[in-house]
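Below is one structure, written out as C-alpha cells, with a few remarks after it.
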2 protein chains.
Amino acid sequence: MSGFKGQATYSIDAKGRIAVPAKMRACMSTDARETFVITRGFEECIYAYPLDRWRDIEREIEGLNPYNRQDRAFTRRFLRWAEEVVLDKKGRIAIHRPLIEYAGINQNALILGSQRHIEFWDPQKFDEYLAAEEADYETLATHVMGG
Amino acid sequence: MSGFKGQATYSIDAKGRIAVPAKMRACMSTDARETFVITRGFEECIYAYPLDRWRDIEREIEGLNPYNRQDRAFTRRFLRWAEEVVLDKKGRIAIHRPLIEYAGINQNALILGSQRHIEFWDPQKFDEYLAAEEADYETLATHVMGG
DNA sequence: ATCATATTTCCCACTTTTGCCCACTTTTTC
DNA sequence: GAAAAAGTGGGCAAAAGTGGGAAATATGAT
C-alpha cells in the first residue's frame, strides 16, 4: 500500500462534512479504512491520519515522561486538537468548527495527499503559503549563492 | 483502545457536576467505564484517571522509596487529594469544592484528553499556562519528538 | 435527642448536537 | 450510452449535554 498523493477540491457542507477522495481512501489498509484522527497541522491546515498511522504517533507520545514539564506541555498541545472521526457511508468525515476555523476553510477545501497523512487547506491560504515559500526560497538563494 | 485526546469546554453546574465528554468515555475499557479517581494535577488542574489506569499509578507509587524525602512528599501530595467518583446516568462526575478551588474553575471548564488521564482546567488559566511556557510549539515538537 | 441547614443522590425534562439514512446530481467505467 | 461509483445535500431519530426538583443522608447547634 502506497502513501497518499494527489489533490482535490471538494465542498464542505453546512454540517462540516467533507468527502475523503476515493483515490486516497484506496491507499489505506482495509482494516483501518473506517477511521481517521484529525488534528491541527503545521501552517494552518488540518491533518488527517489513518488510525493505524495515528497509533504509531501515539506510541511516541507514550514514550514521554508525564513527570517532565516539557513533555507534559508538548503532550497537551499535541493531543488537544486531535479527534477521532469515522467515515460515513459515503466516505465523508465531519470536522468540528474549531478546526475548520483554524484552517480558515469555508465552502471549499483543497485536499492534499501527503504520504502518511492527508491535508485540508483553504485554497486561497495554500496559494499564499506557496507564494511565501517561493519568496523565502529566492531570498535564501540570493543570500547563499549571490555573494 | 487508544488514549484520551481532544478537548471540550463544558459547564459546571451549581452542584459541581461536569460531564465527561462522550468521545473520552468511549476510550475507556468497558468494565472500568463507571468510575474515575480524581486528584490534583500538575500545573493547577484536576486529573481524572479511569479506575484501571489508577491501579497502574498505585503500582508506581508502591515502587517509590518511603525513606526518600521527595518520594514521601510526592506520595502525600498525590494521594491526599485522590478521590473515587462514579459517573451518574448522564455521564457526569461530581467534583468537590476543594479540588474545584485548587483548579480555579468556575462556570466553565476546559477538558483535555491527555493520553492516560483527563484534565479539567479553568480556560483562562490554561491560556496563561500556554503563554507562560517558554518554547513555542514547533520548537517543543522538534525538541521532544526528536526532529 | 431534635430540629434546622446543607450536601448528596436519584430522578426527569429540555435543548442542542450528532449519527444514520435516503435521494439527487455528477463523474467515471465498461 | 448505460451502469456503477463518487460527491452533495437534507431530514429525522437518537444521543449528548444542561439544569433543576424532591427524597435521602449528613452536619451542627440548641
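Numbers restart at 1 for each chain; the letters A, B, ... are given by sequence-line order, proteins then strands.
- Defined by atom type and a distance below 3.5 Å, a donor-acceptor pair is present between the side-chain atoms of B:Glu119 and B:Trp121.
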Between protein and nucleic acid, restricted to nucleotides 10-16 of chain C and to nitrogen or oxygen atoms under 3.5 Å apart, what atom pairs and distances do you find?
from: C:dC11; atom 1: OP2; to: B:Lys89; atom 2: NZ; distance (Å): 3.4

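- With a 4.5 Å cut-off on side-chain heavy atoms, A:Leu64 and A:Thr75 count as touching.
- Checking A:Arg72 against A:Tyr67 by side-chain atom types alone, no donor-acceptor pair falls below 3.5 Å.
- Using a 4.0 Å cut-off between charged nitrogen and carboxylate oxygen, B:Arg55 and B:Asp52 do not count as a salt-bridge pair.
- Distance, A:Ile93 CD1 to C:dG19 P: 12 Å, rounded to whole Å.
- Residue B:Arg97 is classed as having no contact, given no heavy-atom separation below 4.0 Å to the nucleic acid.
- Residue B:Glu84 contributes atom CD, which lies 13 Å from atom P of C:dT9 at whole-angstrom precision.
- One atom, CD1 of B:Ile95, and another, P of C:dT8, lie 12 Å apart when rounded to the nearest Å.
- A:His117 pairs with exactly one of A:Tyr49, A:Phe4, A:Phe36, A:Phe42 by the ring-ring contact (aromatic ring centres under 6.0 Å, His included) rule, that one being A:Tyr49.
- At whole-Å resolution of the value, CG in A:Asp13 and C1' in C:dT18 are 13 Å apart.
- In this pair, A:Phe74 and A:Phe78 present their aromatic rings parallel. The plane angle is below 30°, not in the 30 to 60° band.
- For B:His96 and C:dT7, the shortest distance from a side-chain N or O to OP1 or OP2 is not below 4.0 Å.
- Protein atom CD1 of A:Ile111 is 12 Å distant from nucleotide atom C1' of D:dA6, rounded to whole Å.
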